[in-house]
Amino acid sequence: MVMENICFLLNQFIRCSAYENIIFCWVMHEQGIIDEIISKLETEDCQIYTISLMCDVDVLRKRLQKDIDAGIRSEDVIQRSIARIGLYEKLDTEKIDVSHITSEQAAERIINGERGKTDAEETV
């Protein structure tokens with residue numbers, strides 16, 4: 001039912017001429033999930049980009065710990081998330097290392113097509 005609802009809503013946005021760009025952000029750690037969603041979308045007049053935002057283990061741990069400390073997530077999220085990092089590496093997506101950049105910088109890389117740029121190449 002979740003997949004059906006996601007695809008229905010995305011297709012509604014695709015059909016609406018008021019939108020030029022649609023950003024669908026969801027944690028997808030399996031290629032099959034991505035493929036299933038894309039296969040159910042009306043993409044004839046669309047260009048699809050699949051992008052994974054990645055970070056190193058230490059950064060992931062620190063970011064999740066902030067959410068745990070704030071009561072947003074439970075403690076077990078850290079080990080589950082770390083265990084899945086390898087799955088994201090295997091996805092057929094463009095990867096952006098967001099370990100040491102801001103969300104604004106990540107958005108700029110996506111907008112400007114600089115998705116393969118490394119942190120060392122980031123200009124502030």
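For the single chain, residues carry numbers from 1 onward in sequence order.
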To the nearest 0.5 Å, tell me how far [X] [atom1] sits from [Y] [atom2].
| X | Y | atom1 | atom2 | value |
| --- | --- | --- | --- | --- |
| Ser74 | Ile68 | OG | CD1 | 7.0 Å |
| Phe13 | Leu41 | CZ | CG | 12.5 Å |
| Leu60 | Ile85 | CG | CD1 | 5.0 Å |
| Ser103 | Glu108 | OG | CD | 11.0 Å |
| Tyr88 | Met54 | OH | CE | 8.5 Å |
| Ile22 | Ile14 | CD1 | CD1 | 5.0 Å |

Same apolar cluster: Val27 and Ile34, side chain cutoff 4.5 Å: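 Yes, same cluster.
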ILVMFWY network linking Tyr19 to Ile38, side-chain heavy atoms under 4.5 angstrom: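 Yes, because Tyr19 and Ile38 connect within a single hydrophobic cluster, where side-chain heavy atoms sit under 4.5 Å apart.
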Ile23 atom CD1, neighbour heavy-atom count above 12 within 6.0 Å: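 At most 12 heavy atoms, drawn from other residues, nucleotides or ligands, come within 6.0 Å of this atom.
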Heavy atoms from other residues, nucleotides or ligands near CG of Asp69 exceed 12 (cutoff 6.0 Å):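 Correct, the count exceeds 12.
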Is there a donor-acceptor pair closer than 3.5 Å between any side-chain N or O of [X] and the backbone N or O of [Y]?
| X | Y | answer |
| --- | --- | --- |
| Thr43 | Cys46 | no |
| Gln79 | Asp76 | no |
| Ser99 | Asp56 | yes |

Should [X] and [Y] count as side-chain neighbours, where that means a heavy-atom distance under 4.5 Å?
| X | Y | result |
| --- | --- | --- |
| Arg109 | Ile101 | yes |
| Leu9 | Phe24 | no |
| Ile51 | Lys95 | no |
| Leu91 | Leu87 | no |

Derivation of the side-chain contact (heavy atoms from CB on, under 4.5 Å) call for Val98 and Val59: CA-CA 9 Å; Val98 296; Val59 170; over 6 Å; no
Pairs flagged by side-chain hydrogen bond (donor to acceptor under 3.5 Å, both in side chains) wherever residues 2-13 is involved - sequence neighbours left out: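 Every side-chain hydrogen bond (donor to acceptor under 3.5 Å, both in side chains) pair that includes a residue of residues 2-13, provided the two are not neighbours, is Gln12-Arg15.
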Criterion side-chain contact (heavy atoms from CB on, under 4.5 Å) on Thr50 and Glu94, from CA distance to verdict: CA-CA 6 Å; Thr50 55; Glu94 296 182 60; over 6 Å; no
Asp67 with Arg63: basic N within carboxylate O range, under 4.0 Å: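 No salt bridge links Asp67 with Arg63.
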Salt-bridge contact Arg61-Asp58 (side-chain N to carboxylate O under 4.0 Å):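 Result for this pair is yes, salt bridge flagged.
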Stepwise side-chain contact (heavy atoms from CB on, under 4.5 Å) check, Tyr49 with Thr93: CA-CA 8 Å; Tyr49 299 95; Thr93 60; over 6 Å; no
Those residues that, when tested against Glu75, pass side chain to side chain donor-acceptor pair (under 3.5 Å) (two or more places apart):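 Partners of Glu75 under the side chain to side chain donor-acceptor pair (under 3.5 Å) test: none.
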Trace of the side-chain contact (heavy atoms from CB on, under 4.5 Å) decision for Glu42 with Leu10: CA-CA 9 Å; Glu42 299 167 13; Leu10 286 172; over 6 Å; no
